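From a predicted model like this one, the values you see are computed outputs, not experimental measurements.
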Amino acid sequence: MAKNKPEKDLRFERFGTKGFTATTKVNDFIDRLEAGQVCGTKCPGCGQRFFPPRADCPDCSGAGPMEWFQVEGEGKLATYSVLRYAPQGFEQDLPYAIAVADYGDYKLFGRLSHFGPEIEPGCPVTTRAVSLPDGRVAYEFVPQGQQ
Amino acid sequence: MAKNKPEKDLRFERFGTKGFTATTKVNDFIDRLEAGQVCGTKCPGCGQRFFPPRADCPDCSGAGPMEWFQVEGEGKLATYSVLRYAPQGFEQDLPYAIAVADYGDYKLFGRLSHFGPEIEPGCPVTTRAVSLPDGRVAYEFVPQGQQ
Amino acid sequence: MGRVAIIGVGQSAFVRGYPGSIKELAFEAFREAMDDAGLQRGDIQGSLICSAPEYDRQRSPAGVIAEYCGLNPQPTAYVESLCCSSTTGVRMAYGMITGGLHDCMMVLGFQKMSEITSAETQERMGRGADIQWESPFGTMMPAYYAMFARGFLHRYGASEEDLARIRVKAATYGQINEKAVYRKPVSLEQCMIADPVADPLKVFDCCANADGSSALILASEEKVRELGIEKPVWLMGLGSASAPVNLALRDEFSGFDVARQAASQAYGMAGVGPKDIDVAEVHDCFTIAEMMAYENLGFAEPGGGPELIRAKETYKDGSIPVNVDGGLLSKGHPIGATGGSQVRTIVLQLRGEAGAMQVKDPAVGLVHNVGGVGLYANVLVMGR
Amino acid sequence: MGRVAIIGVGQSAFVRGYPGSIKELAFEAFREAMDDAGLQRGDIQGSLICSAPEYDRQRSPAGVIAEYCGLNPQPTAYVESLCCSSTTGVRMAYGMITGGLHDCMMVLGFQKMSEITSAETQERMGRGADIQWESPFGTMMPAYYAMFARGFLHRYGASEEDLARIRVKAATYGQINEKAVYRKPVSLEQCMIADPVADPLKVFDCCANADGSSALILASEEKVRELGIEKPVWLMGLGSASAPVNLALRDEFSGFDVARQAASQAYGMAGVGPKDIDVAEVHDCFTIAEMMAYENLGFAEPGGGPELIRAKETYKDGSIPVNVDGGLLSKGHPIGATGGSQVRTIVLQLRGEAGAMQVKDPAVGLVHNVGGVGLYANVLVMGR
Ligand SMILES: [Zn+2]
Ligand SMILES: [Zn+2]
């Protein structure tokens, strides 16, 4: 019964400090991230841009495979918080900040590279890919002047 | 906040080959089982006898604490099956049989001490407490003539 | 009270090891149902997401699935009753629609059983019972159904061959169902010489785990008219019942009284009887489950199930075709998706769109969906 | 459409480390509600069991709980929408009753958070978000609410003291609620010097985990008359909405649009507005949650929440008493039981049976119950 069982594509397991999702149709996101690009997807049918990237457009049936687009330029910090306690597997990262960056058409959820009293909602940020230990990959938001 | 935290009564964890429930209001079942008695509970309000034992009568409000009664004498084997595969933690018991014993007023679910083609539904059984390794306790049904 | 129809149905292929996330899996059925009904996502006024949570890493899957299908800001929630979760979703959606809260709802069932490791599956299997009073003895689903198989065979003098005949029938139709996980023929001999799993059940008496999703769109009579739906399938009768989990609290080991009660409610509400059913999907997680269903649904007298299958009366051209899509035995049993898949089959049959599996001109169909070892049961009667 | 009333309410004490099983815990609320309504178990025609499954070892808790409460063979099922599971249960029961499936139902919420170990809790905490796109960054509930706290304080120029004032109010009433887990007074100073959890939230801004259960009995108008219920509390309006899980797909970080939408639906259905509410229970898992609720429910204009609490208008003798049972901040937050506990408080208030917490002669009450970080929201408007 198992003879045609495909090899599992587990690339997504390497996303972030600790992964919880192994299989997804947008695994190519990981290759792009490794190449230094933070990418969302764009529907070839209606042109909507999606972040997080998705394999399917909820509005278009049979529009064909999603296209990739790169997150570029400056966004605005929407909000953030600094964690003093962490869930299992993230303790060594403490303290760290999670945040939302707003690019107008779309937003991203992720880590903030620097934080402190001077960092406020509205502050300009850029988004960059980062390499983590053990071949893991992620992205982070960098506040203006902290590059 | 935790200063009045009671010590946990984890007696029930020792029931069966592998335990899944640690805390219950009918933990005294374990002490009785260790003393060689398989017991159910009886409602002091309406007289109903319950197996498995329960701390509360669904029909009587405020009837007071349940009383214990001992499972004694002969029941009838209602049905059983012999496992050839087992869930995690039970592999070393294979093959083994799970069964229902019918005592008329109440029934018990548990292991059957002996099985084979001659054991059929309707066969008389008795119920006895058994000691397992590592201080664990259980009970089993013994078909007539197999004591 | 207004009537409720099923106006769109969808199902993913049922497979081993789906190569995507649970939301991508759920989307496959969602998209097919939306296309089937010709709706846009704004038409869906509420969704119910149905599965068994122990196979997911994702907490509260309703949220991520509603998000992925674009079903915000409409309300959504998660509904579970083990293997009959998605027909429980149908029951709740029926209530909310007739109760006036919504006029069009999506019931989305899914299970990605491959999301967790084999070791995790083995561990969860041990907890699929009353964890206080049953699990410590080392229980698992095939063993429970085997207890009913022994009870049934003993009571009615039936044979293991009679059970095997049910698997042979399932395989006959599984071969022509493109969405089934098991598509090969199975002979009586193969069944009889197969390895035992839990006596008297052997390998071919058991359905396979699978990953899959199903989607059903329900609408009020007014909405059906407004949308101009050409072939609505009406929910004529709904029945539901529960039994104690612990087998020590059951009275019978050769049938499920929950199924009898659910059927009686559904027949009564629909104003029909077993003789009026033209095509049925019954819950055949194990061959014995279909055998018991024959009697619990009134298709056979007590003890008459073996004769029914021996005479091939439950084949496509028989007097009461049952599981002519291959059943769970061939399709696979992705827990949360199963009931929705059964309903989809009956909807396609009643519309005359079942292709190679089509029964001749059915007017009334039935779905029988059981959760746990006869712990929960839902029966639905549907008509054109 | 016929009306539906709540005719019986029950709640266990909310505690740390309940010394019994989940069914024994659930039974405490069940028994109290049955005694409150004066019913026998045969009167209950169906039950919905509500919780968040990741805290249980028992699979499909609906089965064991219905069994223990003696609610077989009536149908039962499990309903989940995280922290608002039991008000989702109320919504579904309302639908099934108005839809004619049942005329009397039990909605039983429970959570035994101590069932799993601290390590297991820490592990699950990390999965309380979109596990694909959020959890890998290391998220947890206080941090998410802290993001909204930062957004709110920044947008409206409010202060951390304003948030602390909400905890001080909660503790005022928690002291007189015998079923609350935290019963000590809390001063503004204590709040402000407490350790940070996730900036800008500190220890006293967060509610405590707890074990607990709640039970609600709902009945149709006809059944209310038949049973001769003296003080039915009617469900006048129900609203429900969902939002994307992932914060990247939200538009606002200083309030919850789901709550606004659910409130607008509930007010519209009930034919009332925020000014008509005499007493409210709002979802204060964190102080910022209650602060946002003031505005999302229309009790304050945008930015007016801080002034509302500074002026003590949400105290028992203020213009709109909120959480005068101590709220989740004092009672504790046993996820699946929380919504039912909120409904119970409002029912007791509307009956005039709230004891030391009683607000003067309320006619209309409101419950606001949120699941996840504004992922799901239910709002109920109730009246005598
Ligand atoms: Zn598109
Ligand atoms: Zn009694």
(request) Write down the atom of Gly151(D), the atom of Thr79(A), and the distance for their closest heavy-atom approach. (result) N-OG1, 3.6 Å
Options [options], ranked by heavy-atom pairs under 4.5 Å with chain D, top entry:
{"options": "Phe115(A), Tyr80(A), Phe15(A)", "result": "Tyr80(A)"}
{"options": "Pro95(A), Pro87(A), Ala97(A)", "result": "Pro87(A)"}
{"options": "Asp93(A), Ile98(A), Val26(A)", "result": "Ile98(A)"}

(message) Can you list the residues of residues 32-69 of chain A that sit under 4.5 Å from chain D, counting heavy atoms only?
(response) Phe51(A), Pro52(A), Pro53(A)
(request) Determine whether Asp251(D) and Lys107(A) make a side-chain contact, defined as any pair of heavy atoms from C-beta on separated by less than 4.5 Å. (result) yes
(request) Report yes if some heavy atom in the side chain of Asp195(D) is under 4.5 Å from a heavy atom in the side chain of Arg84(A); otherwise report no. (result) no
Part of [X] lying under 4.5 Å from any heavy atom of chain D:
{"X": "Leu108(A)", "answer": "backbone"}
{"X": "Phe109(A)", "answer": "both"}
{"X": "Tyr103(A)", "answer": "neither"}
{"X": "Tyr85(A)", "answer": "both"}

(message) Heavy-atom pairs under 4.5 Å with chain A - which of Arg250(D), Arg155(D), His154(D) has more of them than the others?
(response) His154(D)
(message) Strictly less than 4.5 Å between heavy atoms, which residues of residues 122-140 of chain D line up against chain A? Please order them by number.
(response) Gln122(D), Glu123(D), Met125(D), Gly126(D), Arg127(D), Ile131(D), Gln132(D), Trp133(D), Glu134(D), Ser135(D), Pro136(D), Phe137(D), Gly138(D), Thr139(D), Met140(D)
(message) Between Leu201(D) and chain A, with a heavy-atom cut-off of 4.5 Å, which part of the residue counts as in contact: side chain, backbone, both or neither?
(response) neither
(message) Report which part of Ala119(D) has an atom under 4.5 Å of a heavy atom belonging to chain A: side chain, backbone, both, or neither.
(response) both
(message) Looking at Glu301(D), I want to see if its CD is surrounded by more than 12 non-hydrogen atoms of other residues, nucleotides or ligands under 6.0 Å.
(response) no
(message) When you measure from the side chain of Ser81(A) to the backbone of Ala146(D), do you find a donor-acceptor pair of N or O atoms at a distance under 3.5 Å?
(response) no
